[in-house]
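Being a predicted model, the structure only gives us computed values, none of them experimental. Order of listing sets the numbers, starting from 1, for every ligand and every atom in it.
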Amino acid sequence: MRAASLFRERFGGEPDGVWLAPGRANLMGEHTDYNDGFVLPFALGQGITVAAARRNGRRLTLCSRQEPADVVEVDLDGLAPGRVTGWAAYPAGVAWALAEAGHRVPGACLAFDSDLPVGAGLSSSAALECATALALTSLGGLDVPRAELVTIARRAENEFAGVPTGIMDQSASLLCRAGHALLLDCRSLETSQVPFDPAAADAGLLLINTRARHELADGEYGQRRAECEEAARRLGIPSLRSLTDLADTDSLTDPVLRRRVRHVVTDNQRVLEVVALLRAPSGPSADTFREIGRLLTQAHASLRDDFEVSWPEADVAVAAAVDAGALGARMIGGGFGGSVLVLVTETTPVRAAVSEEFARRSWAGPGFLDAAASAGARRMA
Ligand code: GLA
């Protein structure tokens, strides 16, 4: 275990434990979480591992195999948003949010390692938070239910690291189960496990890292949130979740806001359609995954044309994958860079076609990852 060996190199001695929190992909429901809507993510086999030990004193010492130049010392009694920046803001933010919630965080040494591709939009920051949350609560003997850890990890991201995301990524990392996608109602925060095993019907999941990350991305995410809030305000509803019928948006005259709303309403519907398909009493069949594939490609068009968060490499990857026989494909995550999720029956022709289209445009070669719905965050040793 590489986190444990990093711990020994940096701190000497053995860690008290090793914890893993996975990254996530999202089957359906994009930009719906902060609109109180539905999402359907699943955990990946890849994630962030932390080897950690308790120690005397009121400090955290943080190091990471991916940031070899940095060993960061954090004073637990002087934590406040803005005091720690860079990658260490995420683990330090978790310590801060735990203390804000009334928990006594112990002094500790933590060594992190990751096998998530960097910048691929697979929620490495949420994984970093969730791994830290499990390690610190375990080392401190704190009994904090998973649902509360989700809220704490999200506070670390929103208020300490200052990134205005919704609640999907932390929920996925902490609450997912192997062989299932997680249906999360972001209004009630109710969750349920939905069996999701494409391999049983001879289908599979391929993630394509488009290796693109466009400038502007952060501002655009906040702008989409603001547009959705503005649309809800003009419609006189608490959030876009209250809408189920697009006919109810007739009073909204602004064409941009109308498109944003159409995406959110239809994507919420697509989440429920996918769940109904996966839960069909007869059990999922090849037809189930053909239908889910169709919904994926439809969702991509909605993200591209109505929500306008897609990017050229994602559009090319989706088109090439579908032309090469994929059941369906779409961009995942916040947009403007990151990964595309493809539902396939055969991966080889899809990989070849996407690589060829990227090469034709002189783009950096895409990265491929075979994905399967994996277990959520857990103690490894
Ligand atoms: C990012 C955010 C999530 C969610 C997605 C879009 O991944 O972290 O909260 O809003 O974008 O669905």
I need the nearest protein heavy-atom contact for atom 10 (O) of ligand 1: residue, atom name and distance, please. Tyr221 OH, 2.6 Å

Looking only at protein heavy atoms, identify the closest one to atom 8 (O) of ligand 1 and say how far it is in Å. Asp169 OD2, 2.6 Å

Is the distance between the ring centroids of Phe7 and Phe112 less than 6.0 Å? no

Would you indicate whether Glu190, at its atom CD, is surrounded by more than 12 heavy atoms from other residues, nucleotides or ligands within a distance under 6.0 Å? no

Do Arg177 and Phe196 form a cation-pi contact, if we require the NZ or CZ to be under 6.0 Å from the six-membered ring centre and within 45 degrees of the ring's axis? no

Pair Glu308 + Arg260: basic N to acidic O under 4.0 Å: yes

For ligand 1, which atoms, with element, lie under 4.0 Å from some heavy atom of Met168? 4 (C), 5 (C), 12 (O)

Centroid-centroid distance, Trp311 to Phe336, less than 6.0 Å: no

Pair Arg241 + Asp185: basic N to acidic O under 4.0 Å: yes

Would you mind listing which atoms of ligand 1 come within a distance below 4.0 Å of any non-hydrogen atom of Tyr34? 10 (O)

For atom 9 (O) of ligand 1, what is the nearest protein heavy atom, given as residue, atom name and distance? Asp33 OD2, 2.6 Å

With Arg154, which of Asp169, Leu149, Ile167 fulfils side chain to side chain contact (heavy atoms under 4.5 Å, CB included)? Ile167

Backbone, side chain, both or neither: what part of Gln170 comes under 4.0 angstrom of ligand 1, heavy atoms only? neither

Per atom 1 (C) of ligand 1, closest listed option by heavy atom (Ser123, Pro164, Gly334): Gly334

Only heavy atoms of Arg24, strictly under 4.0 Å: list the atoms of ligand 1 that pass. 7 (O)

Atoms in ligand 1 with a heavy atom of Gly166 nearer than 4.0 Å: 9 (O)

Just which atoms of ligand 1 are under 4.0 Å from any heavy atom in Gly333? 6 (C), 11 (O)

Under a 4.0 angstrom heavy-atom cut-off, which atoms of ligand 1 come close to Thr165? 2 (C), 8 (O), 9 (O)

Give a yes-or-no answer on whether the side chains of Ser339 and Arg211 include a donor-acceptor pair shorter than 3.5 Å. no

